[in-house]
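Order of the sequence lines fixes the chain letters, A, B, ..., with proteins taken first and strands second; residue numbering starts at 1 for each chain.
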Protein chains: 2
Amino acid sequence: MGSVPAPTGDDLLKVLAALGNPHRMRIVAALTEGRNYVSRLARDIGISRPLLHMHLQRLEAAGLVVGSLELSDDGKAMKFFEVAPFAHSLTPEIIAAASATLTDSGAASDPAAERATPGKRQPAPEPTPAQPPNPSP
Amino acid sequence: MGSVPAPTGDDLLKVLAALGNPHRMRIVAALTEGRNYVSRLARDIGISRPLLHMHLQRLEAAGLVVGSLELSDDGKAMKFFEVAPFAHSLTPEIIAAASATLTDSGAASDPAAERATPGKRQPAPEPTPAQPPNPSP
DNA sequence: GACATGTGTCAGTTTTCTTTGACAGGTGTT
DNA sequence: AACACCTGTCAAAGAAAACTGACACATGTC
């Protein structure tokens, strides 16, 4: 069974951060109706090209859209984007599992980050993890 | 058929923006193991109380956690937080549907935003919405 | 009273994200 | 050559988010 094989913390974080933006949501929506190239997509949505370019590479880094540079009939190079068939589920358990594999550094380009929760000292380990301290009854 | 009744654009946006943050993911993860109060939760995660307070009210505004001010045995007022049993699905279609109901203003308090895509002029309405312009073959 | 615990908020700084405008190059048509 | 398209990048401005420290209040114990 491998519908959604438990995404990495950093992976899911990138997806959520990418989708948590009105412009990027509209970009995904626009690409859901069919592939499109950058200049035209910018005109359709109504934002500037450099801005769309930034949003697109953010979505692509999260694996939500894929772009391919193609050559049209008249030899013009144009970059087409289309949505990737993603499917994520958001539940407390999935978030909890993902947070366990969070490097909190940047992306997947910093191998020196899996220490082991460095300064994780517990000054007063309460036996009841959901009750108030109750200093003296 | 009503497992996830198609969230509002602004609703889903708030959820995604709230979850797209490493600290807030850890907060949800910590609360998944059981309810907890603010001061202790701040110690557990390792962030300052004012910061945790800010993140918590962001998560609560998104409907991901719920807080309730209770009184402990010794009369101290303490605010307990617990995760809300949320369950969202993220697919291109759901994002597309949600983006249709985006106000893009702030929250659900600006009814003057559904103009009709103001400056949406089409200088050259291409008959093929997914093909290059192809000016002259 | 002094201390330790809990709550909340505020102003100010730092950091990050978003956005714009200008520039570089490429092609093909008039 | 000049124009109309397409591509990409950069530096700088603007806006928004994140973070900190100090303050306010409350309660119960030493």
Side-chain angles (χ1 to χ4, degrees), chain A residues 13-14 16-27 36-62 67-81 104-107 123-124 126 131-137, chain B residues 13-14 16-27 36-62 67-81 104-107 123-124 126 131-137:
Chain A
L13 180 61
K14 257 186 293 192
L16 294 174
L19 252 31
N21 177 287
H23 276 173
R24 288 193 284 266
M25 273 182 66
R26 288 210 190 83
I27 293 173
N36 203 346
Y37 62 95
V38 184
S39 281
R40 190 129 106 87
L41 185 56
R43 279 193 296 265
D44 289 0
I45 306 183
I47 66 178
S48 67
R49 254 183 320 101
L51 183 56
L52 175 60
H53 191 269
M54 195 269 288
H55 285 314
L56 278 174
Q57 77 178 24
R58 206 168 171 76
L59 286 168
E60 191 171 32
S68 62
L69 188 65
E70 303 180 6
L71 264 67
S72 68
D73 307 23
D74 53 344
K76 279 196 184 119
M78 23 194 25
K79 189 151 194 179
F80 277 87
F81 275 90
D104 202 17
S105 299
E126 308 291 336
Q131 291 305 315
N134 207 24
S136 63
Chain B
L13 180 61
K14 257 186 293 191
L16 294 173
L19 252 32
N21 177 287
H23 276 174
R24 288 194 282 266
M25 273 182 66
R26 288 210 189 82
I27 292 173
N36 204 346
Y37 62 95
V38 184
S39 282
R40 191 130 107 85
L41 185 55
R43 278 194 295 264
D44 290 1
I45 306 183
I47 66 178
S48 66
R49 254 183 324 102
L51 183 56
L52 175 60
H53 192 269
M54 194 267 286
H55 285 313
L56 278 174
Q57 76 178 24
R58 207 168 170 74
L59 286 169
E60 190 171 31
S68 62
L69 188 64
E70 303 179 7
L71 263 69
S72 69
D73 306 23
D74 52 345
K76 279 194 184 117
M78 25 196 21
K79 189 151 194 179
F80 278 85
F81 274 90
D104 202 19
S105 300
E126 308 292 336
Q131 291 306 314
N134 206 27
S136 64

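If you measure from atom CG of B/L13 to atom P of C/dT18, you get 11 Å, rounded to the nearest angstrom. The distance between atom CG of B/N36 and atom P of C/dT5, rounded to the nearest whole Å, is 16 Å. Taking atom CZ of residue A/R43 and atom P of nucleotide D/dA4, one finds them 14 Å apart after rounding to whole Å. We find that NE2 of A/H23 is positioned 12 Å from P of D/dA16, with the value rounded to whole Å. A straight line from CE of B/M54 to C1' of D/dA16 spans 11 Å, rounded to a whole angstrom. Going from atom CG of B/L41 over to atom P of C/dG8 covers 12 Å, rounded to whole Å. B/R24 has its CZ atom 9 Å from the C1' atom of D/dA17, to the nearest Å. Rounded to an integer number of Å, the gap from CZ of A/R58 to P of C/dT16 is 12 Å.
Contact detail for B/L13 and A/G20: the closest heavy-atom pair is CD1-C, 3.5 Å.
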* To do: Decide side chain to side chain contact (heavy atoms under 4.5 Å, CB included) for A/H53 and A/Q57; before the verdict, give the C-alpha distance in whole Å, the side-chain angles of both, and the deciding distance to 0.1 Å.
  => CA-CA 6 Å; A/H53 191 269; A/Q57 77 178 24; 3.9 Å; yes
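The distance from the NZ atom of B/K79 to the CZ atom of B/F81 is 4.5 Å, given to the nearest 0.5 Å.
For A/N21 and C/dT18, the shortest distance from a side-chain N or O to OP1 or OP2 is below 4.0 Å. When the side-chain nitrogen and oxygen atoms of B/S48 are compared with OP1 and OP2 of D/dC19, none of them lie within a distance under 4.0 Å. In terms of phosphate contacts, B/H55 brings no side-chain nitrogen or oxygen within less than 4.0 Å of OP1 or OP2 of D/dA17.
For B/K76, the side-chain atoms get nearest to D/dT27 when compared with the rest of C/dT20, C/dG28, D/dT27.
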Give every pair of a protein N or O atom and an N or O atom of nucleotides 7-14 of chain D that lie under 3.5 Å apart, one pair per line with the distance.
from  : atom 1 : to    : atom 2 : distance (Å)
D/dT7 : OP1    : A/V38 : N      : 3.3
D/dT7 : OP1    : A/K79 : N      : 3.4
D/dT7 : OP2    : A/S39 : N      : 3.1
D/dT7 : OP2    : A/S39 : OG     : 2.2
D/dT9 : OP2    : A/H53 : NE2    : 3.3

